[in-house]
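The figures that follow rest on heavy atoms only: side chains count, while hydrogens, waters and symmetry mates do not. Computed from a predicted structure; not experimentally measured.
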Amino acid sequence: MHYDSPRFRHAGGAGSPGWGGIIGGLDFVRFFAMQEKYLPTEIERAAQERWASNQRFRASDTSDRPRYYCLSMFPYPSGKLHMGHVRNYTIGDVLARYHAMRGYNVMQPMGWDAFGLPAENAAIANGVPPAAWTYSNIDHMRTQLKALGLAIDWSRELATCKPDYYRWEQWLFTRLFEKGVIYKKMATVNWDPVDQTVLANEQVIDGRGWRSGALIEKREIPMYFFRITQYADELLTGLDTLPGWPERVKTMQANWIGKSTGVRLAFKVPQKDPAQPDELLWVFTTRADTLMGVTFVAVAAEHPLATRAAANNPALAAFIAECKQGSVAEADMATMEKKGMDTGLTVIHPLTGEAVPVWVGNYVLMSYGEGAVMAVPAHDERDFGFAKKYRLPIKQVIAVEGEAFSTDAWAEWYGDKQRGVCVNSGKYDGLNYTQAVDAIAADLEALGLGEKKTQFRLRDWGISRQRYWGCPIPIVHCDSCGDVPVPAEQLPVVLPEDVVPDGSGNPLNKRADFVNCACPKCGQPARRETDTMDTFVESSWYYARYACPDANQMLDERANDWLPVDQYIGGIEHAILHLLYARFFHKLMRDEGLVTSDEPFKNLLTQGMVIADTYYREDASGKKTWFNPADVETRDGVPVLKADGQPVIHGGTEKMSKSKNNGVDPQALIDQYGADTARLFTMFAAPPEQSLEWSDAGVEGANRFLRKLWKAVFDHVQGGAVPAYAGGELGEAAKTLRRQLHQTIQKVSDDVERRRQFNTAIAANMELMNALAKLEGADAATRSVRQETLEAVCAMLAPIVPHICEALFAELKPGAALVWPTVDEAALVQDEIELMIQVNGKLRGQLRVPAAADRAAIESLALASEAVQKHTGGNPPKKVVVVPGRLVNIVA
RNA sequence: GCCCAGGUGGCGGAAUCGGUAGACGCAGCGGAUUCAAAAUCCGCCGCCGCAAGGUGUGGGGGUUCGAGUCCCCCCCUGGGCACCA
């Protein structure tokens with residue numbers, strides 16, 4: 001190959017043309033001596049070297065061209081790229097390159113979400129420090145990303161585990177701590193009593209620790225919290241300002257925030273000593289209209305009333321201890337068997353004055369709401385089941401006309417707010433939901449025992465992690481001054497990188513050089529906080545840092561120049577947590593004067609999951625070992641490990657992840673077929689938003705198409721240079737092909753720009769190429785149409801398969817810029833169109849009519865047609881439906 | 001359990017606003033080329049049926065001249081559920 005052939009010219013001299021190379025048109029000279037055979041490895045290496053040496057993808061901070069900030073969610077450096085990454089980053093690259101072809105100043109950065117649990121797990125398994133493991137993974141994955149030929153501005157690369165990144169996060173933490181946006185309170189965690197460590201929810205399997213197998217306990221520990229609930233309303237209403245977000249994501253976020261209006265009310269707790277003031281047990285309910293149907297109250301195991309009752313009740317104490325077993329995950333809490341025990345205590349109903357028994361329920365959580373709930377078994381399905389199980393009374397207080405209530409079984413209408421009317425409720429009888437809630441709330445308020453209240457399901461964001469590999473929380477604990485934030489001039493609090501965790505607690509606690517420090521306030525010896533931050537904190541602001549990665553402050557004015565992100569692309573699994581935290585953080589930064597916009601991401605594309613089969617084996621202790629699908633084969637319908645031929649268990653089809661070891665490495669695909677084939681196949685397999693069950697069947701077809709494209713251009717170029725069709729008489733075949741070409745440009749533009757559906761854009765180009773292959777003739781006019789078509793196909797596919805398209809385009813039109821093709825409206829005009837004929841909605845024939853034919857003409861032509869005569873027996877139609885351009889339906 | 005998606009040939013998928021179901025590709029089958037194979041090219045390809053035709057978009061019901069698309073109920077798969085990221 002002649003990479004330095006005489007035809008090769010460097011664009012724009014020694015400067016840094018950036019994406020401007022495309023606009024300037026200087027970059028697209030032949031950089032590759034064309035051969036008949038398609039040689040992806042050579043072409044891709046040559047193209048990538050050119051892009052790197054020209055700094056083609058450098059985004060300009062000063063250009064006056066319109067900007068387009070295209071961001072894909074940064075990866076966790078788990079070791080190798082998997083197909084989910086390839087899909088995500090190719091989608092982003094297609095949009096970035098498309099906009100560059102449209103003349104935008106594009107920024108597409110990349111970085112590393114580098115803190116996190118897998119690095120500690122790897123350390124435990126292999127004895128390698130998380131830092132070294134992470135940096136080596138980053139190096140490998142960067143190489144893999146570069147091999148994909150992504151149009152990334154690598155000068156903006158960042159890694160969240162580097163002090164020059166996380167120092168600003170610590171700086172903001174101290175500001176927010178002083179402002180009261182961050183505060184400390186107790187929170188419940190999974191405690192492994194054997195390993196003496198806090199476990200993540202994913203490390204608790206069936207209520208046991210993943211390594212020790214020990215029964216997990218719930219433990220209360222102090223934690224720092226972001227007051228996200230203070231922004232709940234804005235996070236909710238802000239969704240309405242995001243038309244570029246998928247509806248499903250906005251729905252999920254709105255449901256997660258869960259704004260509800262209800263009534264907060266109190267039951268009096270009787271005092272032994274009447275001189276004591278009344279103690280109140282508060283609950284929140286959205287169904288105050290059913291207050292007269294309350295037959296018991298349930299409190300959390302940690303509730304003070306429960307603790308008090310258990311003091312002289314060993315059975316209750318034992319039950320409370322049982323409730324404290326198991327994980328804190330909501331999915332576990334919601335699916336476990338509902339259990340309870342009577343405390344023997346009663347409280348006083350605020351309106352009736354009746355005594356209501358207090359139960360401890362394992363499904364009530366202390367940290368959510370008031371830690372207590374009122375139970376109305378007749379009108380809440382969960383309470384109904386609980387009451388049946390423990391033979392508690394069920395009192396109907398809502399009736400629906402025409403429906404009969406029975407305590408034997410639950411019926412949907414028992415919980416119906418719309419149709420229900422109060423009964424057995426004294427003065428409230430006959431009131432509907434709204435009227436009853438209003439009346440009861442007013443009465444409670446008059447008694448000082450309640451008021452209407454808006455409540456959110458959203459809880460404050462606890463960010464303390466009892467782990468080593470994370471951003472240190474910049475707090476110093478001083479015996480005399482309390483929790484003291486580290487002053488700005490002492491930041492960053494640097495995490496030592498030579499640590500190897502062993503799975504028992506946070507190793508930072510054993511590092512005297514880290515822990516021991518002087519109190520920034522009084523100078524006395526003090527202890528540094530050893531908890532680190534939730535890694536969601538780093539991923540909540542990285543998008544802003546890309547705009548000014550070298551700033552000697554958290555963000556500078558360049559952040560506002562680039563933000564909000566024009567297009568964010570990432571997995572649908574991030575629909576709630578990451579995207580909600582990032583939106584929240586953006587508002588925190590706004591309120592600190594760091595950014596001016598209200599929302600970080602203008603448009604969002606949520607990529608569907610790439611899923612693959614999971615396989616595992618279980619040892620005697622129940623510990624699972626996961627095997628990669630690449631190492632498993634099926635023999636006689638049974639999955640077995642290739643290495644030993646012994647069976648493995650199929651664990652379902654799930655998103656590719658490190659923990660389930662079902663990530664498929666794209667490297668083999670790239671090595672065998674090249675990056676363009678990998679990119680084309682990934683985009684062709686399914687539309688971006690749809691989940692994709694991985695299979696590489698069909699990769700051959702993608703590669704075959706690129707070889708055909710290469711051959712078509714090669715054959716055409718052999719015939720000598722010819723300008724693209726610019727006007728003049730054409731034969732019927734060439735004219736038809738030109739019409740298809742411009743229909744394709746129209747369709748593909750819409751697919752990429754509006755629909756973001758690249759599989760159909762590719763299919764349309766394949767169809768066009770199939771049609772082109774059938775176009776015969778070597779006359780100048782036909783060749784000019786062929787030239788026009790090949791130029792357009794290379795341009796339309798360039799965002800998807802950039803290496804081959806640039807190489808081919810440089811052969812077709814040396815020195816010219818790759819720009820997006822435009823539709824020639826004149827080429828679209830048709831004289832005749834084909835209509836379908838239906839009789840009673842069934843397809844019975846076709847009809848060719850002049851494009852200008854009116855309804856009456858179409859109707860009479862259709863009625864006269866053989867198909868209609870045959871199926872109606874010549875009888876006059878009852879009705880004729882004419883859909884212009886589509887069909888005629890005769891109703892006989 | 002709760003919230004959000006999805007279910008179309010042997011397979012991945014298309015059908016954009018209620019109007020030709022199965023584009024495009026894979027696999028398969030038949031043919032050409034070849035000493036042979038690979039590659040390439042041409043043709044066929046939902047199911048039942050010799051055909052005419054019938055039937056068909058997870059299942060059941062409904063609206064409509066007409067439903068993969070809209071409405072109701074059910075089943076299955078995937079994502080999320082606050083310490084995987």
Side-chain angles (χ1 to χ4, degrees), chain A residues 73 75-76 78 113 116-118 121 187 189-190 198-204 246-249 251-252 254-256 258 328-336 338 363 381-382 458-467 534-536 539 571-578 580-581 606 608-609 611 652-655 657-660 681 684-687 689-693 695 697-702 704-705 707-708 711 747 750-751 754-755 757 759-760 762-767 770 773 834-838 840-843 846 877-881 883 885-892:
Chain A
M73 289 181 186
Y76 177 78
S78 56
D113 189 12
L117 206 48
N121 296 339
V189 294
N190 302 307
V198 175
L199 296 185
N201 284 334
E202 100 167 337
Q203 296 175 314
V204 181
E247 219 44 57
R248 62 168 158 162
V249 174
T251 306
M252 280 191 260
N255 291 341
W256 182 262
V328 298
E330 194 190 287
D332 293 333
M333 301 294 293
T335 49
M336 72 187 175
K338 310 285 177 286
Y363 61 93
E381 188 167 8
R382 200 161 64 160
L458 181 69
R459 309 193 299 263
D460 275 340
W461 176 15
I463 53 143
S464 299
R465 298 291 180 268
Q466 298 68 47
R467 283 186 232 297
D534 181 358
T535 57
F536 274 127
S539 56
I572 183 67
E573 73 270 29
H574 296 294
I576 297 174
L577 292 180
H578 161 61
L580 189 67
Y581 290 147
T606 43
M609 220 72 35
I611 56 180
T653 312
E654 298 178 46
K655 76 162 165 166
S657 73
K658 183 132 187 103
S659 60
K660 296 282 174 75
F681 177 62
F684 186 57
E689 304 227 315
Q690 198 163 307
S691 67
L692 173 58
E693 208 169 310
S695 151
V699 174
E700 277 288 344
R704 191 173 298 148
F705 173 70
R707 289 199 308 261
K708 278 194 221 175
K711 182 77 170 22
K747 187 209 162 36
D750 186 48
D751 279 351
R754 181 181 63 86
R755 296 211 304 154
Q757 189 165 301
N759 56 331
T760 48
I762 294 165
N765 276 292
M766 286 176 168
E767 283 183 81
N770 288 345
E834 190 163 71
L835 296 181
M836 293 304 119
I837 300 180
Q838 292 185 343
N840 292 330
K842 291 199 179 203
L843 184 67
Q846 292 90 29
K878 286 189 189 129
K879 186 175 176 181
V880 178
V881 182
V883 183
R886 291 260 183 208
L887 56 73
V888 188
N889 187 16
I890 313 293
V891 184

Asker: May I have the distance from M609(A) (atom CE) to rG80(B) (atom P), rounded to whole angstrom?
Answerer: 6 Å

Asker: With sugar-phosphate meaning primed atoms plus P, OP1 and OP2, does Q466(A) contact a base, only sugar-phosphate, or nothing at under 4.0 Å between heavy atoms?
Answerer: base

Asker: Could you give me the stems involving RNA chain B, meaning stretches of three or more consecutive Watson-Crick or G-U wobble pairs whose two defining distances are both below 3.5 Å?
Answerer: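 If one scans RNA chain B for consecutive Watson-Crick or G-U pairs, the stems found are B:1-7 with B:75-81, B:10-12 with B:24-26, B:28-32 with B:40-44, B:46-48 with B:53-55, B:58-62 with B:70-74.
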
Asker: Just to be sure I understand the rule, does N770(A) reach a base, reach only the sugar-phosphate, or reach nothing, if contact means heavy atoms closer than 4.0 Å?
Answerer: sugar-phosphate

Asker: Test side-chain contact (heavy atoms from CB on, under 4.5 Å) on F536(A) and W461(A); report intermediate values, then the result.
Answerer: CA-CA 10 Å; F536(A) 274 127; W461(A) 176 15; 3.7 Å; yes

Asker: Using a 4.0 Å heavy-atom cut-off across all strands, classify F705(A) as base, sugar-phosphate, or nothing.
Answerer: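 Nothing: the residue F705(A), judged by heavy atoms under 4.0 Å, touches no strand.
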
Asker: Taking the P atom of each, how far is rU69(B) from rG59(B), in whole Å?
Answerer: 11 Å

Asker: Determine the interatomic distance between P on rC17(B) and the same-named atom on rC71(B); round to the nearest Å.
Answerer: 14 Å

Asker: I'd like the P distance from rA23(B) over to rG12(B), given in whole Å.
Answerer: 15 Å

Asker: What is the glycosidic conformation of rC65(B): syn, defined as within 90° of 0, or anti?
Answerer: anti

Asker: Quick check on rA15(B): is either OP1 or OP2 less than 4.0 Å from any side-chain nitrogen or oxygen of R755(A)?
Answerer: yes

Asker: From the list rG19(B), rC24(B), rG13(B), which nucleotide is the closest neighbour of the side chain of N759(A)?
Answerer: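 Closest of the options to the side chain of N759(A): rG13(B).
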
Asker: Can you name the residues that form a side-chain contact (heavy atoms from CB on, under 4.5 Å) with R755(A), not counting sequence neighbours?
Answerer: K747(A), D750(A), D751(A), Q757(A), T760(A)

Asker: M73(A) CE to rC84(B) C1': how many Å, rounded?
Answerer: 15 Å

Asker: What interatomic distance, in whole Å, is found between P of rG60(B) and the corresponding atom of rA67(B)?
Answerer: 15 Å

Asker: Measure the CE-CG distance between M836(A) and N889(A) for me, rounded to the nearest 0.5 Å.
Answerer: 13.0 Å

Asker: Is there a donor and acceptor pair closer than 3.5 Å between the side chain of R886(A) and the base of rU20(B)?
Answerer: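 Per atom types, no contact qualifies.
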
Asker: Rounded to whole angstrom units, what separation is found between the NZ atom of K842(A) and the P atom of rA52(B)?
Answerer: 16 Å

Asker: For the side chain of Q690(A), counting heavy atoms from C-beta on, which of rC41(B), rC65(B), rA14(B) is nearest?
Answerer: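 Side chain of Q690(A) sits closest to rA14(B).
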
Asker: Using the P atom in both, what is the distance from rG6(B) to rC70(B), to the nearest Å?
Answerer: 9 Å

Asker: When we call it a touch if two heavy atoms are under 4.0 Å apart, what does A575(A) touch: a base, just sugar-phosphate, or nothing?
Answerer: nothing

Asker: Does K711(A) get its side chain close enough to the base of rU40(B), under 3.5 Å, for a donor-acceptor pair?
Answerer: no

Asker: Would you classify G462(A) as touching base, sugar-phosphate or nothing, given that sugar-phosphate means primed atoms plus P, OP1 and OP2, and contacts are heavy atoms under 4.0 Å?
Answerer: sugar-phosphate

Asker: What is the distance from CG of L692(A) to P of rG6(B), rounded to the nearest Å?
Answerer: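 For the pair L692(A) CG and rG6(B) P, the rounded distance is 16 Å.
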
Asker: Roughly how far apart, to the nearest Å, are rG22(B) and rA14(B) at atom P?
Answerer: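 Pairwise P distance, rG22(B) against rA14(B), rounds to 15 Å.
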
Asker: State which of rC84(B), rA85(B), rC65(B) makes the closest approach to the side chain of K879(A).
Answerer: rC65(B)

Asker: Can you tell me how far P of rC81(B) sits from CE of M336(A), to the nearest Å?
Answerer: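 Those two atoms, CE and P, are 18 Å apart.
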
Asker: Reading nucleotides 66-77 of chain B 5' to 3', which nucleotides get B (base under 4.0 Å from a protein heavy atom), which S (sugar-phosphate only), which -?
Answerer: ------------

Asker: What is the glycosidic conformation of rG78(B): syn, defined as within 90° of 0, or anti?
Answerer: anti

Asker: Could you tell me which non-hydrogen atom of E689(A) sits nearest to which non-hydrogen atom of P246(A), and how far apart they are?
Answerer: OE2-CG, 4.3 Å

Asker: Expressed as a whole number of angstroms, how long is the span from E654(A):CD to rA85(B):P?
Answerer: 17 Å

Asker: Mind listing the N/O atom pairs, protein and nucleotides 26-32 of chain B, below 3.5 Å?
Answerer:
from	atom 1	to	atom 2	distance (Å)
rC26(B)	OP1	R704(A)	NH1	2.3

Asker: Hey, does L458(A) reach any base, or is it just sugar-phosphate, or nothing, if we go heavy atoms under 4.0 Å?
Answerer: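 Base, at least one base atom sits under 4.0 Å.
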
Asker: Over all strands shown, is H574(A) touching base, sugar-phosphate only, or nothing at heavy-atom distances under 4.0 angstrom?
Answerer: base

Asker: Of the candidate nucleotides rG12(B), rA85(B), rU16(B), which contains the atom at the shortest distance from the side chain of E573(A)?
Answerer: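 So the nucleotide nearest the side chain must be rA85(B).
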
Asker: In whole Å, measure the gap between the P atoms of rG61(B) and rU16(B) for me.
Answerer: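 Straight-line distance between the two P atoms is 26 Å.
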
Asker: So, is T535(A) near the phosphate of rA85(B), with a side-chain N or O under 4.0 Å from OP1 or OP2?
Answerer: yes

Asker: Indicate, with a heavy-atom threshold strictly under 4.0 Å, whether K338(A) touches base, sugar-phosphate, or nothing.
Answerer: nothing

Asker: Which part of the nucleic acid, if any, lies within contact of F684(A), taking any heavy atom under 4.0 Å across all strands shown: a base, the sugar-phosphate backbone alone, or nothing?
Answerer: base

Asker: What residues form a salt bridge (charged side-chain N to carboxylate O under 4.0 Å, His left out) with K711(A), not counting sequence neighbours?
Answerer: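 In terms of salt bridge (charged side-chain N to carboxylate O under 4.0 Å, His left out), with neighbours along the sequence ignored, K711(A) is linked to D715(A).
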
Asker: For L117(A), answer base if it contacts any base atom (sugar-phosphate contacts may also be present), sugar-phosphate if it contacts only those atoms, and nothing otherwise; contact means non-hydrogen atoms under 4.0 Å.
Answerer: sugar-phosphate

Asker: Counting heavy atoms from C-beta on, name the nucleotide in rA85(B), rC81(B), rA23(B) closest to the side chain of E330(A).
Answerer: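 Within the option list, the nearest is rC81(B).
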
Asker: With 3.5 Å as the limit, what N/O pairs link the protein to nucleotides 3-5 of chain B?
Answerer:
from	atom 1	to	atom 2	distance (Å)
rC3(B)	O3'	N255(A)	ND2	2.9
rC3(B)	O2'	N255(A)	ND2	3.0
rA5(B)	O2'	R248(A)	NH1	3.4

Asker: Quick one: label K658(A) by what it contacts on the DNA or RNA (base, sugar-phosphate, nothing), any heavy atom closer than 4.0 Å.
Answerer: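 Answer is nothing: K658(A) stays at 4.0 Å or more from every strand.
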
Asker: Given rA85(B), rA39(B), rU16(B), which nucleotide is nearest the side-chain atoms of Y76(A)?
Answerer: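 Selected nucleotide: rA85(B).
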
Asker: Rounding to the closest angstrom, what is the interatomic distance between rG30(B) and rC24(B) at atom P?
Answerer: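 Rounded to whole Å, the distance is 23 Å.
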
Asker: Take the protein atom CZ of F681(A) and the nucleotide atom P of rG13(B), then report the distance between them rounded to whole Å.
Answerer: 10 Å

Asker: Counting the atoms with a prime plus P, OP1 and OP2 as sugar-phosphate, which does P687(A) contact under 4.0 Å by heavy atoms, base, sugar-phosphate, or nothing?
Answerer: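 Sugar-phosphate contact only.
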
Asker: Rounded to the nearest angstrom, tell me the gap between atom CG in L577(A) and atom P in rA85(B).
Answerer: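 Atom CG in L577(A) sits about 11 Å away from atom P in rA85(B).
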
Asker: Students often get this wrong, so: under 4.0 angstrom with heavy atoms, is T760(A) touching a base, only sugar-phosphate, or nothing?
Answerer: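 It contacts sugar-phosphate atoms only.
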
Asker: Would you mind reporting whether I572(A) and R248(A) have side-chain heavy atoms less than 4.5 Å apart?
Answerer: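 Touching, per the 4.5 Å side-chain cut-off.
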
